[in-house]
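Accompanying notes for the structure given below.
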Number of protein chains: 4
Amino acid sequence: MAVNTEPTSRERVRRAALKLFATKGFHGTGIRDVAQEARLSSASLYHYMGTKEELLAGLMREALERLLAAASAAVAGVDDPVERLRRLVALHVTTHARQPDETRVVDNEVRALSPRTRRAVVRLRDDYERLWAEAIDDGVRSGAFATDHPAVTRLALLEMCNGVARWYSPRGAVPLDRLAEHYAGLALRALGHTESLARAERP
Amino acid sequence: MAVNTEPTSRERVRRAALKLFATKGFHGTGIRDVAQEARLSSASLYHYMGTKEELLAGLMREALERLLAAASAAVAGVDDPVERLRRLVALHVTTHARQPDETRVVDNEVRALSPRTRRAVVRLRDDYERLWAEAIDDGVRSGAFATDHPAVTRLALLEMCNGVARWYSPRGAVPLDRLAEHYAGLALRALGHTESLARAERP
Amino acid sequence: MAVNTEPTSRERVRRAALKLFATKGFHGTGIRDVAQEARLSSASLYHYMGTKEELLAGLMREALERLLAAASAAVAGVDDPVERLRRLVALHVTTHARQPDETRVVDNEVRALSPRTRRAVVRLRDDYERLWAEAIDDGVRSGAFATDHPAVTRLALLEMCNGVARWYSPRGAVPLDRLAEHYAGLALRALGHTESLARAERP
Amino acid sequence: MAVNTEPTSRERVRRAALKLFATKGFHGTGIRDVAQEARLSSASLYHYMGTKEELLAGLMREALERLLAAASAAVAGVDDPVERLRRLVALHVTTHARQPDETRVVDNEVRALSPRTRRAVVRLRDDYERLWAEAIDDGVRSGAFATDHPAVTRLALLEMCNGVARWYSPRGAVPLDRLAEHYAGLALRALGHTESLARAERP
DNA sequence: TATGAATGAGTGTTCATTCAT
DNA sequence: GATGAATGAACACTCATTCAT
C-alpha cells in the first residue's frame, strides 16, 4: 500500500542535481540552483554532499552500477548471442527512456569529472560496454552476425540507443516495449543478423 | 604551392573557441581560456567577437549552414532514395570525423543558447534533418525501405552517426572512406533495404 | 543610556555607499570602494543589496520619503503660507546641513538611475516640491508674496537651499538654527514678503 | 556672410565631451562615447587631447576663464555695488542659460579632477566669486545691502543662479533678458536692498 | 590625420565553499 | 539538521590608453 512519503532531504538533493545537470549541464548548473530546486539553503546542501563534483560523480557511479547490474542479470545464463544483444538493447533503450536524466548525465558529463574520478567512471562504462562487445563478438564468431568492424559497429549501436534519452516522451506514439523491440530490430539488422533480415519490418 | 600563412587573429579566436567548447563545453570554457588558446589577452578577444554566446552561435550557425549546403548539393538531382540516404550518411560521417569539434559543439551546446538564438539554430538543424526524413520517407513509399517507425528510425540513425565525432581518430584502423561506407551499410540494413541485406558484410 | 552598539553590516553598507556616492559620485565609486569602506568583501556586499543601482535607488527613495514626510508634517494644519514657506525652508536647510551625504546624492545622482527607477524617484521629488509650490502660490494669491514668475522663483529658492549641503560645516561660524532662519529670511525677501522687507537684517 | 563651415575635429571632440560630461557626468562617460559623438575612432581622439582628465580640465578652465573675463569686464569701472551685483547676476544667469553644458560641467565635475588640477580650477572659481564678494561687501559697507552673513548669502545666491543651467530652456515662457532681470531682483531683495524692496515685483 | 589592433587593470557580479550559531 | 553571513577566486565584459601602420 503506497504511502505518500515525502522524500528525504538527501534524496531531494540527488533528484534536484540530476534534473539540473541533465537539463543545463554540470557547468551550467550552480550550487544555488540545486539548493533552490531541493528547497534548501545552499549551505544546507553540504550536509548531504561533498563537493559539487563528488555529487556528480556519485550520481554517475550509481546510475552506471545499476545499469551494469541490470545488464549482467539480463544476459546471465543466456548462451545465444542474438538473444543477449536483443536484451542488452532493450534494457538500454528502456533505461534511457525511463531515466533520461540519469543517462544524459552519464552520457554527457564525463568530461566534467576530474581525471581521477573520470577513470573510475570510465572503467564502469567500459565494463558495461564489454557485455555488448562479448555479445557482438560471439555472434560474429557463431555466424549469426556479419559485420566488418565489430568494434565500430558496437559504438555506432550504443550511440544510436543513447539518443533515446534526448527525445523519448511517455506521451509519444510508440509505447516503450514496442520502442525497445524496434531498436533491437534495428540493431540486429545492422549487425547483419540473417533471420532479422528475412522478416524485415513491414506494417 | 602552400605558403606558411599564420592565421589571422580572428581565425585564431574562432578555432580556439571551437576546440575548447568542443572539449570542455561552453559553460566549462572561460573567456580567458579562449584568449590563452588564441594567444591574445581577454580584452583583445572582444575585437573579434560580440559576447561569448554570440561567438558560440556564430560557430554553430556556420557549421550547420555548411553542412546543410553540402548535404543539399549531395542529394540534388538524385532520384533514388537509397542513393540519397547513402550519400547523406557518408557526408554526415565524414563531416563528423573530419570536423569533430564543430559537430560536437553543434550536437551538444544547443542548450547553452538563449531562446532566441536557439530557435534560429534549431531551424537550421531541422532543415538539415528534413533531407534525411525525405529520403527515408521516399524509400519507404517506394518499398526500398521497410521500417515500422520512420521518424524514430531517422533519429536513431542520426544519433548513431553523430557518435563518430566522439571517437574517430585519423590514426584508427578503418580509413575514413571505408568508415563512411560501413555506416551507410549499417543504416541501409537497419532500414530494411533488401539489396543491402542480401550482400550482408563479410570479409 | 547610550550603549556602544556596532551598526549591523547592512547598515554599514548603507552608510558606506552614501558617503562614497556623495563624495565621488555613483559612477566614480566602485563596488570595491563600498566594500572596503563597509569592511566587507565585495562578495559579501551582495548579501545586503541587489545591484549597485538598486542600492543607490534605495538610498534616494528613503531619503526623499523621509524628507517628504517631515515636510508634510511641518506644514500640516498651518494656514499662513508665509509660515509654511518659512518652515519648509528651515527644514530643507537643516536637512541639507545635517545629512549632506543623503541630500547630495538625491540632488546629484538622479541621472545615474535607469529610466524606470528614475521616474519613481522624480515623482517623490515632485511631490515634495509641490509643497513649496503650494506655499508660494498661496502666498502670491493672498498678497503676502510678490513675484513675477512663481515657478521660476521656486526653482531658484530650492537650488539656493540645496547648496547648503555643499559647504555647511557644523564647525562653521553660524549655528544651524541661525542659518535656517537666515535662509528663511533670504527666501521671504526674495519673494517680496513685505514684513520681511521692513525688518531687513541688521546686526 | 556666414559660411557653412564644418567644425574642426578638435572642436568636435571638445563639443562632444562637453555634451556628454554635462549629461552623464565625467565618470559616466566613456572615451568611446566621446569618440562616437565626435565621429572619430577612440584612437583618433588622442590626436586632439591628452588624457580624459586633461580634456575635462581644459574644458573647465576655458569656461571659467571666459566667465571670469566677462565678469571682470562687466564690472570694470562700475562703482555702485548694487549695479555691479546686478550685472554679475545677469551675466551668471545668462551664461548658465546659454551654455548649460559648460556650466554644469564646471559646477558638478570638480571632484573628478586630480588634486593638482582641482587646485588650479578652484583658484579660478575663487577669483570669480571674489567679484561677487566684493560687490556684496561694498554694498553692505555702503548700506545698500543689509545681510547678517554676507559670505553665506553669497554662496546662497551663487547656488541659486547655478540652478538655471539645470532647467532653463530657450523655449520656456520667460525670455532670457527678463529671466536675468528677475534673478537680479531676487538677489537684490534677498540682500535687503531697500530700493528693490520698495518696488517689489507685481504683475 | 586617422585607425585597427592590442592590452593591463578594472568593472559589477556570481561562484563553490566554509563556519559559527 | 539547518542557515545567514562571509569570502577568495573567478566570471564575462569594459576601461582608458598606446602604437604600428
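Proteins get letters first, then strands, A, B, ... in listed order; numbering begins at 1 in each.
Minimum atom distance to the side chain of S42(A) is reached by dT17(E), of the listed dA2(E), dT18(F), dT17(E). Residue H47(C) places its side chain closer to dA5(F) than to any other of dA9(E), dT3(E), dA5(F). Comparing dC13(F), dC15(E), dC19(E) against the side chain of Y46(B) picks out dC13(F) as the nearest. The side chain of K52(B) lies closest to dA12(F), out of dT18(F), dA12(F), dT3(F).
Computed from coordinates, the R39(A) CZ to dT3(F) C1' distance equals 16 Å when rounded to whole Å. Rounded to an integer number of Å, the gap from L56(C) CG to dT13(E) P is 12 Å. Atom CD in E53(A) sits about 14 Å away from atom C1' in dT17(E), given to the nearest Å. Remark: C1' of dT11(E) and NZ of K24(C) are 13 Å apart, rounded to the nearest angstrom. Remark: C1' of dG8(E) and CD of Q36(B) are 16 Å apart, rounded to the nearest angstrom. Atom-to-atom, CG of L45(C) to P of dG4(F) comes out at 18 Å; the value is rounded to the nearest Å. Regarding L55(C), its CG atom lies at a distance of 12 Å from the C1' atom of dG12(E), rounded to whole Å. Regarding H27(B), its NE2 atom lies at a distance of 13 Å from the C1' atom of dA12(F), rounded to whole Å.
Between S9(A) and dA2(F), a side-chain N or O to OP1/OP2 separation shorter than 4.0 Å is present. The phosphate of dA2(F) (OP1 or OP2) has no side-chain N or O of S44(A) nearer than 4.0 angstrom.
Base pairing analysis places dT17(E) opposite dA6(F); the two distances defining the Watson-Crick or G-U wobble pair are each below 3.5 Å.
Both F26(D) and I31(B) lie close to DNA chain F; mapped to their nearest nucleotides by heavy-atom distance, the more 5′-ward contact belongs to I31(B). When each of D33(A) and A43(A) is assigned the nucleotide of DNA chain E with its nearest heavy atom, D33(A) is the one assigned upstream, toward the 5' end. Mapping G50(D) and G30(B) onto DNA chain F by nearest heavy atom places G30(B) closer to the 5' end of the strand.
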Checklist entry - Are R12(B) and E6(B) close enough, and set up right, to give a salt bridge (charged side-chain N to carboxylate O under 4.0 Å, His left out), and what steps lead you there? => result CA-CA 9 Å; R12(B) 288 212 315 276; E6(B) 168 75 356; 3.6 Å; yes
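Residue L40(B) is in sugar-phosphate contact alone, with no base atom involved, counting any heavy-atom pair closer than 4.0 Å across all strands shown. Residue-level contact check: T8(C) touches neither bases nor backbone, having no heavy atom under 4.0 Å from any strand.
Salt-bridge formation is not detected for the pair E65(B)/R61(B): no Lys NZ or Arg NE/NH1/NH2 atom is positioned less than 4.0 Å from an Asp or Glu carboxylate oxygen.
V13(C) pairs in a side-chain contact (heavy atoms from CB on, under 4.5 Å) with only one of the listed residues (L45(C), T8(C), L18(C)), which is L45(C).
Counting heavy atoms of neighbouring residues, nucleotides and ligands inside a 6.0 Å radius, atom NZ of K19(C) does not exceed 12 of them. The neighbour count for E62(A) CD, taken as heavy atoms of other residues, nucleotides or ligands under 6.0 Å away, is above 12.
By the 4.5 Å heavy-atom criterion applied to side chains, N108(D) and R166(D) are counted as neighbours.
A donor N or O paired with an acceptor N or O is not found under 3.5 Å between the base of dG10(E) and the side-chain atoms of R32(C).
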